[in-house]
Engineer: 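Sharing a structure here in structure tokens format.
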Number of protein chains: 2
Amino acid sequence: MSLNTAINPNVSVDCVVFGFDNEKLNVLLIQQKLPSTKEQRYALPGDLILDNESLDTAANRVLKEISGLSGIFLKQFRAFGDPDRVSNIKDLEFLKSYRKNPQARVITIAYFALVRMENFKPEASSFAEKVFWQDVTELPDLSFDHTKIVSQALEKLRHDFIRDKTGFELLPERFTLGQIQKLYEIILNENLDKRNFRKKILKEELVKATNQKQTGVLHKPARLYKINN
Amino acid sequence: MSLNTAINPNVSVDCVVFGFDNEKLNVLLIQQKLPSTKEQRYALPGDLILDNESLDTAANRVLKEISGLSGIFLKQFRAFGDPDRVSNIKDLEFLKSYRKNPQARVITIAYFALVRMENFKPEASSFAEKVFWQDVTELPDLSFDHTKIVSQALEKLRHDFIRDKTGFELLPERFTLGQIQKLYEIILNENLDKRNFRKKILKEELVKATNQKQTGVLHKPARLYKINN
DNA sequence: CAAACTTAGTGTAATTTTTACACTTAATTA
DNA sequence: TAATTAAGTGTAAAAATTACACTAAGTTTG
């Protein structure tokens, strides 16, 4: 083991942070800070690991350094290691600017997370010119193999979401059943039957009715629910 | 990217190959070839990757070099990267014998597979003194974090097995429903109701009755089935 | 050759889960 | 006060899951 804090040239982490804003699913992207302003390049927040930190630690550190975000539960989901994943000519400028050895073989360990967007306001630093939330259905070209990474993260997110039956933490403290349904529909990307969905959610008893109602909506106000502890 | 075939000092692959022998679940282990014969050390087949090969290619190459086995579908399931995963004093002799820099930080990408044991007869080479199938319920102490890797591979195996509803390829060409049930029971590690299991398997129509029967068994001979194409 | 042994093979009823489906209610706005 | 919008509600059919016990067809043993 290395006891120093040297940058390991061969291993990186990349973070796919999904953000939910009650309307759609977004992913946190950066615009790379490059000397030439000819072309703008977008990417996931990610960087090389240090020799004395675990992968999980690296993922959290890197996310924080680049976007300012912390306190996000990042889950490892896959390693990406094609020998030519960092050899697209379009990524050369970035590599030359920020890597000691731009030619080095780099394998990356990808992490994902899902958060409530309004709780996390990213601020760009390090080699990020900008950090922003981007609708997952309208992704720009991404550096390296990051498009592939996002797409596999999305698969994994859906899979885990179904299995874990969680997700209430992505809503306001008080929420309507309609909001939960919308959350499920957006993440799973399919329409659900209103009556059957309510039946199911209420049977699970993870959620409890309050005696409050929505206000200021131009229709019948919905009852508000909260997480049941 | 590196175009050479240098060994990458920081990234390895490890293979958890499960073998089924109609009776129990086994895992392929090696006994390390060490100068001192004081203590025997066991491990998963695994080694550092080359700079110009993909992770999948590395996993297949390494498995073949160490055990002689090829043609096995290895599936990546997780990266392991604790900074001290290679710093157990008991592993020092192995590292000193086979690694240019025994102190190097190494993260490993773990793969797993499930095969019919009788189709794969491993033969030790490289730094393996022996290669052998070991009952998963009776694992010896393993090098590095390999015990943890096996245990997580087992979880993943069970998860995927349930989801994919596959596994017939682990049986002889003609097999009885009892054999399938036993396979499921061993892999999932739980008992299943015979009538309900048969009902389910037959409904899926992945399997077709032949008009052959078992012979040479000391009880009512079972009908033989084959995979339905 | 009869008895003992072993696994194969079979059906039903109860329960739970999933699916499909349409109208009334309560608020806001025009 | 009429129009608009999403909330809220129940039932019946179908499908999937679960629990459960006896007879059948071979082999071996005495």
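Note on naming: letters A, B, ... go to the chains in the order of the sequence lines (proteins, then strands), and numbering restarts at 1 for each one. As the structure is a computational prediction, the values presented were derived from the model and not from experiment.
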Engineer: Atom CZ of Arg223(A) and atom C1' of dG8(D): how far apart are they, to the nearest Å?
Structural biologist: 10 Å
Engineer: Hey, is the side chain of Lys199(A) pairing donor to acceptor with the base of dT11(D) inside 3.5 Å?
Structural biologist: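 Answer is yes: a donor-acceptor pair is held.
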Engineer: Heavy atoms under 4.0 Å, any strand shown: does Lys203(B) hit a base, just sugar-phosphate, or nothing?
Structural biologist: sugar-phosphate
Engineer: Looking at Glu204(A), I want to see if its CD is surrounded by more than 12 non-hydrogen atoms of other residues, nucleotides or ligands under 6.0 Å.
Structural biologist: yes
Engineer: Walk along nucleotides 24-30 of chain D from 5' to 3' and tag each nucleotide B, S or - by protein heavy-atom contact under 4.0 Å, base first, then sugar-phosphate.
Structural biologist: BBBS---
Engineer: Side chains of Ser54(B) and Asp56(B): donor-acceptor distance under 3.5 Å anywhere?
Structural biologist: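 Per modelled atom types, Ser54(B) and Asp56(B) side chains form no pair under 3.5 Å.
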Engineer: What's the shortest heavy-atom distance between Phe175(A) and Gln179(A), and which atoms?
Structural biologist: CA-OE1, 3.1 Å
Engineer: Which atom names give the shortest non-hydrogen contact between Phe132(B) and Gln31(B), and what distance separates them?
Structural biologist: CE2-N, 4.0 Å
Engineer: Tell me whether the count of non-hydrogen atoms from other residues, nucleotides or ligands lying under 6.0 Å of NZ in Lys64(B) goes above 12.
Structural biologist: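 No, the 6.0 Å shell around NZ holds no more than 12 heavy atoms from other groups.
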Engineer: Which residues in residues 187-196 of chain A have a heavy atom closer than 4.0 Å to any atom of DNA chain C?
Structural biologist: Asp193(A), Arg195(A), Asn196(A)
Engineer: Would you say Ser143(B) and Gln32(B) are linked by a side-chain donor-acceptor pair, where the criterion is simply a distance under 3.5 Å?
Structural biologist: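 There is such a pair (donor and acceptor under 3.5 Å, judged by atom type) between the side chains of Gln32(B) and Ser143(B).
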Engineer: Could I get the full list of side chain to side chain donor-acceptor pair (under 3.5 Å) partners for Arg85(B), not counting sequence neighbours?
Structural biologist: Asp145(B)
Engineer: Once ring pair (Phe, Tyr, Trp, His ring centres under 6.0 Å) is applied, do any residues pair with His219(B), and if so which ones, sequence neighbours excluded?
Structural biologist: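 So His219(B) forms no ring pair (Phe, Tyr, Trp, His ring centres under 6.0 Å) with any residue.
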Engineer: Phe197(A): what forms a ring pair (Phe, Tyr, Trp, His ring centres under 6.0 Å) with it, not counting sequence neighbours?
Structural biologist: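 Phe197(A) satisfies ring pair (Phe, Tyr, Trp, His ring centres under 6.0 Å) with Tyr184(A) once adjacent residues are dropped.
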Engineer: For DNA chain C, which nucleotides open and close the run of contacts to chain B, 5' to 3', at under 4.0 angstrom from a non-hydrogen atom?
Structural biologist: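 Endpoints of the contacted stretch of DNA chain C: dT6(C) to dT12(C).
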Engineer: Quick check: Phe127(A) with Phe94(A) (ring centres under 6.0 Å apart)?
Structural biologist: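 They qualify: ring centres under 6.0 Å apart.
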